[in-house]
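Everything on this sheet refers to the single structure shown next.
Proteins come first, then strands; the chains are lettered A, B, ... in the order of their sequence lines, and each starts at number 1.
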Amino acid sequence: MRTRIKQVIEDKFAMLAEQGLLPASDVADSHIISVPKHEQHGDYASNFCLVMASSLKAPPRKIAELLKPELEGEGLFTKVDVAGPGFLNFFLSSAFWQQNLLEIRAQGSGYGSSDEGRGMKVLVEFVSANPTGPLHVGHGRGAAVGDSLCRVLRMAGYDVSSEYYVNDVGNQMQTLGRSVFLRYQEYFGQEIDFPKECYQGDYIRDIARRIAEEQGDKFLDGEPASHLDFFIHEAVSEIFGGIKKDLEDFRVNFDNWFSERTLHESGLVEQTIQELMEAGKIYEKEGALWFRTSDYGDEKDRVVKRSNGVLTYFAADIAYHRNKFERGFQELVDIWGADHHGYVPRVKAAVAAMGFDPDALNVLLLQLVNLIEAGQVKAMTTRGGEFVTLREVMDDVGTDAARFIFLTRRCDSHLDFDLDLARSQSQENPVYYVQYAHARLASVFRTAKEAGVEMKEPEEINLSLLDSPEEIKLMKLLASFPELVAKSASALEPHRISYYLTELAGLLHKYYTTHRFIGDDNSLTQARLLLADVIKTVLKNGLNLLGVNAPEKM
RNA sequence: GCGCCCGUAGCUCAGCCGGAUAGAGCGCCGGACUACGAAUCCGUAGGUCGGGGGUUCGAAUCCCUCCGGGCGCGCCA
């Protein structure tokens, strides 16, 4: 609708310019159609006259007055107002909104879709936690945001793939294997010196105990180094199995699990370094290889191969991002913890140096999650081994509440996750507010069925009965859902969905207390049931974008 | 010291590629079930949008600066 109004204005302007009533001029980019905050400002508003005033050398209101009759003659609006400093306010008839209900109903679970993304291939990479320990709450936020973003992008017409990058090589693997081996020795009563850099969590002991129980003490003999691969393999597969299970229960699915190891094994890392050296973008200094990232906006050059011959994590990441582009993705979204923000410029620099568009790489930085319990921040450190896992939170508050809460904040805002609130099965918990709206409507249909009321075909329903201010307001909000999804997608901001749903649920609850869906007047009942049906659909579609259930009963 | 993010009601936060009178939830206080679910609704109170400058017809929104908080500044990942 917005694009249609915009087009009409620009057409009418061109016509007036042709007639010599206004000077010809290019239309400013800042010309937008918005939905005004106040009802008296109409259903849509245009700032056209304001943004064009200076290039047309005419007062905004005067331009508006010239356009007004032309726009009214279009037949699209019941009224066009010139308001304030020169806004054009457009009023649509209630029939317009009523007809829209049929459209929503026809689209059903597909309502909200658009071709905003035009089939653009997008890769969203998230979580990507090292398989050295269980997922913690911070990863949970990444999982919720990433997964929801994928759903939103898909609905907005993007061709989306989701991916988890598995760091399955490097020092940390050695450290992990060593940590488990030491605990294994400890299990058999040997004196061990457990270094600080080893993984401290109890889960390491659990893995060691399992190995000890299954394999006995046979690894105590001989050179520990020769057993290390076995311990690494056992630890990784157990930990990774746990991660996958956690994500599955959190309703997060990945299209692809990308192993860092394959980048090395395929030779892509070495090949990329070689090519960049030939292009003069990597040079040698003090025995190490350095990438000229400072030529592309980074603070300083970065090492890709250490003087001891070992590749850095960065080296693999360069190849990984190259690989992403070479797989044909046009937009990349990386979701990282905010503590990695210093890493962004160097990866963008690498992308640019390889000849790809650095703006095609979108890095979302997720700020910290603080768990609050009894009004106190629960300490959450990864190093000390004392951390709250995603599993604990999921088991504690449930997947629905956890996901919803993770999606009620902007990415770059710190998140205080109040456990008591999330736990409470009561009014304070925001997720229930929305779910309850859905369940309430489901209940209406159950009641209707019991009363023997069947919904007619939409075409037979007299929609003009839906004309109260509350109904109009609801219908307008319902109509804006596809735009909201599209905007949420292009801005990479899934949290907008949860705000929309809270607003829609609020309107429904309010409506519910002042209007009855089922009454003596059959045609009114029919019209309101259609409205109920459509609201229910939109709530469900929206909750689905968040990965939250839409229950029929609670 | 340098860089990134944040600062909006008592609390937690929306709104931020400029737009009209700045919103919500929680909390406080007061109301509403003999009709579809009260996990709900209605009403009251609550604001120098961190401070200051600038750009503009117009700034919570953009720019500069200062103050406060968080996080980073490895030949770690």
Side-chain angles (χ1 to χ4, degrees), chain A residues 29-30 32 34 36-38 40-41 45-47 50-51 53-54 59-60 83-87 89 130 132 167 169-173 175 197 260 285-290 299-300 302-314 316-317 337-345 365-368 370 372 375 408-418 421 424-437 439-448 450-451 453 491 495-496 498-499 502-503 505-506 508-519 525 528-529 532 553-554:
Chain A
D29 290 339
S30 48
I32 54 162
S34 56
K37 269 180 254 176
H38 304 283
Q40 66 266 33
H41 294 138
S46 163
N47 62 349
L50 294 162
V51 299
S54 63
F87 287 102
N89 293 336
N130 296 340
T132 54
N167 302 117
V169 291
N171 283 338
Q172 49 177 355
M173 290 295 105
T175 306
E197 69 269 19
E260 181 185 352
K285 190 180 87 178
E286 293 161 5
L289 295 181
W290 297 73
E299 287 173 12
K300 55 181 185 180
R302 307 288 176 177
V303 171
V304 291
K305 190 183 252 183
R306 287 173 250 164
S307 50
N308 64 7
V310 178
L311 292 164
T312 60
Y313 176 85
F314 180 45
D317 237 5
D339 52 346
H340 289 76
H341 73 255
Y343 199 69
V344 177
L365 296 169
L366 288 178
Q367 294 291 335
L368 279 181
N370 284 321
I372 311 284
T408 51
R409 296 285 186 279
R410 261 160 62 212
C411 291
D412 46 17
S413 176
H414 287 241
L415 175 72
D416 283 345
F417 192 116
D418 190 327
L421 189 74
S424 70
Q425 302 249 335
S426 72
Q427 55 204 61
E428 298 137 37
N429 195 329
V431 68
Y432 294 121
Y433 188 75
V434 178
Q435 288 187 317
Y436 180 51
R440 255 188 155 174
L441 291 171
S443 169
V444 167
F445 283 100
R446 282 194 294 271
T447 307
E450 280 165 25
V453 181
H495 75 277
R496 293 176 187 230
S498 62
Y499 279 87
T502 303
E503 190 182 351
L508 181 272
H509 288 314
K510 183 185 259 197
Y511 180 75
Y512 190 94
T513 53
T514 51
H515 296 68
R516 292 190 53 76
F517 287 98
I518 302 161
T525 299
R528 288 185 175 172
L529 281 180
K553 284 184 183 177
M554 291 171 70

**Request:** Could you give the distance separating B/U65 and B/C2 at their P atoms, to the nearest angstrom?
**Result:** 11 Å
**Item:** Interatomic distance, A/Lys37 NZ vs B/A60 C1' [rounded to whole Å]
**Value:** 10 Å
**Asked** Going by 5.5 Å between centroids and 30° between planes, is there a stack of A/Phe87 over B/A20?
**Response** yes
**B/A24 and B/G47, which share atom name C1', separated by this distance in whole Å** = 15 Å
**Message:** Could you work out, with ring-ring contact (aromatic ring centres under 6.0 Å, His included) as the rule, every residue matching A/His515, not counting sequence neighbours?
**Reply:** A/Tyr511
**Message:** Counting only side-chain nitrogens and oxygens, does A/Tyr432 get under 4.0 Å of the OP1 or OP2 atom of B/A39?
**Reply:** no
**Message:** So A/Ala491, base contact, sugar-phosphate only, or nothing? Heavy-atom distance under 4.0 Å.
**Reply:** nothing
**Message:** Base, sugar-phosphate or nothing for A/Glu286? Non-hydrogen atoms, less than 4.0 Å.
**Reply:** base
**Message:** Just to be sure I understand: a Watson-Crick pair is purine N1 to pyrimidine N3 plus N6-O4 or O6-N4, both under 3.5 Å. Using that and G-U wobbles, which stems of three or more pairs involve RNA chain B?
**Reply:** B:1-7 with B:67-73, B:10-13 with B:23-26, B:29-32 with B:40-43, B:50-54 with B:62-66
**Prompt:** Considering only the P atoms, how many Å lie between B/A45 and B/G7, rounded to the nearest integer?
**Reply:** 28 Å
**Asked** To the nearest Å, how far apart are A/Ile32 CD1 and B/U61 C1'?
**Response** 12 Å
**Asked** Closer than 4.0 Å, any side-chain N/O of A/Thr513 to the OP1 or OP2 of B/A38?
**Response** no
**Request:** Without swapping roles, check the side chain of A/His509 against the backbone of A/Gly506 for a donor-acceptor pair under 3.5 Å.
**Result:** no
**Request:** Quickly work out the A/Gln367 CD to B/G72 P distance and round it to whole Å.
**Result:** 10 Å
**Request:** Using side chain to side chain donor-acceptor pair (under 3.5 Å) as the criterion, list what pairs up with A/Asn167, not counting sequence neighbours.
**Result:** A/Glu260
**Asked** A/Tyr343 near the nucleic acid: base, sugar-phosphate alone, or nothing, with a heavy-atom cut-off under 4.0 Å?
**Response** base
**Atom P, compared across B/C6 and B/C62: separation rounded to whole Å** = 9 Å
**Prompt:** Mind checking whether A/Phe314 and A/Tyr343 have parallel, tilted or perpendicular rings, split at 30° and 60°?
**Reply:** perpendicular
**Request:** Please work out if A/Ala45 contacts a base, only the sugar-phosphate, or nothing of the nucleic acid, heavy-atom cut-off 4.0 Å.
**Result:** base
**Prompt:** Where the side chain of A/Val444 is concerned, which of B/C75, B/C41, B/C36 is the nearest nucleotide?
**Reply:** B/C36
**Request:** Would you give a per-nucleotide map of nucleotides 9-16 of chain B, 5' to 3', where B means the base has a protein non-hydrogen atom under 4.0 Å away, S means only the sugar-phosphate does, and - means neither?
**Result:** ---SSSSB
**Request:** To the nearest 0.5 Å, tell me how far A/Glu197 CD sits from A/Asn171 CG.
**Result:** 10.5 Å
**Prompt:** When all nucleic acid strands are considered with a 4.0 Å heavy-atom cut-off, which category describes A/Lys553: base, sugar-phosphate, or nothing?
**Reply:** base
**Item:** Shortest side-chain distance from A/Arg516, nucleotide among B/U40, B/G23, B/A35
**Value:** B/A35
**Message:** Suppose you measure atom P in B/G51 against the same atom in B/U8; what distance do you get, rounded to whole Å?
**Reply:** 10 Å
**Request:** Could I get the full list of salt bridge (charged side-chain N to carboxylate O under 4.0 Å, His left out) partners for A/Arg302, not counting sequence neighbours?
**Result:** A/Asp298
**Complete:** Comparing A/Gly506 with A/Tyr512, nearest RNA chain B nucleotide closer to 5' gives the residue A/Tyr512
**Prompt:** Hey, what do you get for CG (A/Leu289) to CG (A/Leu311), rounding to the nearest 0.5 Å?
**Reply:** 8.5 Å
**Prompt:** Is A/Asp317 side chain donor-acceptor paired with the B/A77 base, going by distance under 3.5 Å alone?
**Reply:** no
**Asked** Taking the side chain of A/His341 as heavy atoms from C-beta outward, which of B/C71, B/C75, B/A77 is closest to it?
**Response** B/C71
**Asked** Of the nucleotides B/C75, B/U40, B/A20, which has the atom closest to the A/Ala288 side chain?
**Response** B/C75
**Request:** Describe the nucleic acid contact of A/Ser443 in one word from base, sugar-phosphate, nothing, applying a heavy-atom distance below 4.0 Å.
**Result:** base
**Prompt:** Syn or anti: how is B/C33 classified when any glycosidic angle within 90° of 0 counts as syn?
**Reply:** syn
**Request:** Report yes or no: does A/Thr525 contribute a side-chain atom to a donor-acceptor pair with the main-chain N or O of A/Gly519 at less than 3.5 Å?
**Result:** yes
**Prompt:** Between B/G37 and B/A32, how far is it from one P atom to the other, in whole Å?
**Reply:** 22 Å
**Request:** Return the set of residues passing salt bridge (charged side-chain N to carboxylate O under 4.0 Å, His left out) with A/Arg516 (not counting sequence neighbours), or none when no residue passes.
**Result:** none
**Touch class at under 4.0 angstrom, heavy-atom based, for A/Asn47 against every strand present** = base
**Message:** At 4.0 Å (heavy atoms only), tell me whether A/His41 reaches a base, stays on the sugar-phosphate, or touches nothing.
**Reply:** base
**Asked** Between atom CD in A/Glu503 and atom P in B/C41, what is the gap in whole Å?
**Response** 13 Å
**Item:** Any A/Leu441 side-chain heavy atom under 4.5 Å of A/Tyr512 side chain
**Value:** no
**Message:** Does A/Ala439 reach a base, just sugar-phosphate, or nothing at all? Heavy atoms under 4.0 Å.
**Reply:** base
**Prompt:** What nucleic acid atoms does A/Gln40 come within less than 4.0 Å of, heavy atoms only: base, sugar-phosphate, or nothing?
**Reply:** base
**Message:** Rounded to whole Å, how long is the line connecting atom CD of A/Glu197 with atom P of B/C76?
**Reply:** 14 Å
**Inter-residue atom distance A/Leu368.CG - A/Ser413.OG, 0.5 Å rounding** = 11.0 Å
**A/His515 NE2 - B/C42 P separation (whole Å)** = 13 Å
**Prompt:** Between B/G19, B/G3, B/C76, which one does the side chain of A/Glu299 approach most closely?
**Reply:** B/G3
**Message:** Under 4.0 Å from OP1 or OP2 of B/C42: is there any side-chain N or O of A/Lys510 that close?
**Reply:** yes
**Fill in**
Comparing A/Thr502 with A/Thr312, nearest RNA chain B nucleotide closer to 5' gives the residue A/Thr502
**Fill in**
When rounded to whole Å, the OH to C1' distance for the pair A/Tyr433 and B/G37 reads 15 Å
**Asked** Rounded to whole angstroms, how far apart are NZ on A/Lys300 and P on B/G72?
**Response** 16 Å
**Message:** By nearest atom, which of the nucleotides B/C57, B/G3, B/A77 is closest to the A/Leu50 side chain?
**Reply:** B/C57
**Prompt:** Does a nitrogen or oxygen in the side chain of A/Arg446 sit under 4.0 Å from OP1 or OP2 of B/G37?
**Reply:** no
**Complete:** To the nearest 0.5 Å, atom OG of A/Ser34 lies from atom CZ of A/Phe87 at 7.0 Å
**Prompt:** Is the ring of A/His340 stacked on the base of B/A77, with centres less than 5.5 Å apart and planes under 30° off?
**Reply:** yes
**Request:** Enter the distance from A/Ile32:CD1 to A/Asn47:CG here, rounded to the nearest 0.5 Å.
**Result:** 5.0 Å
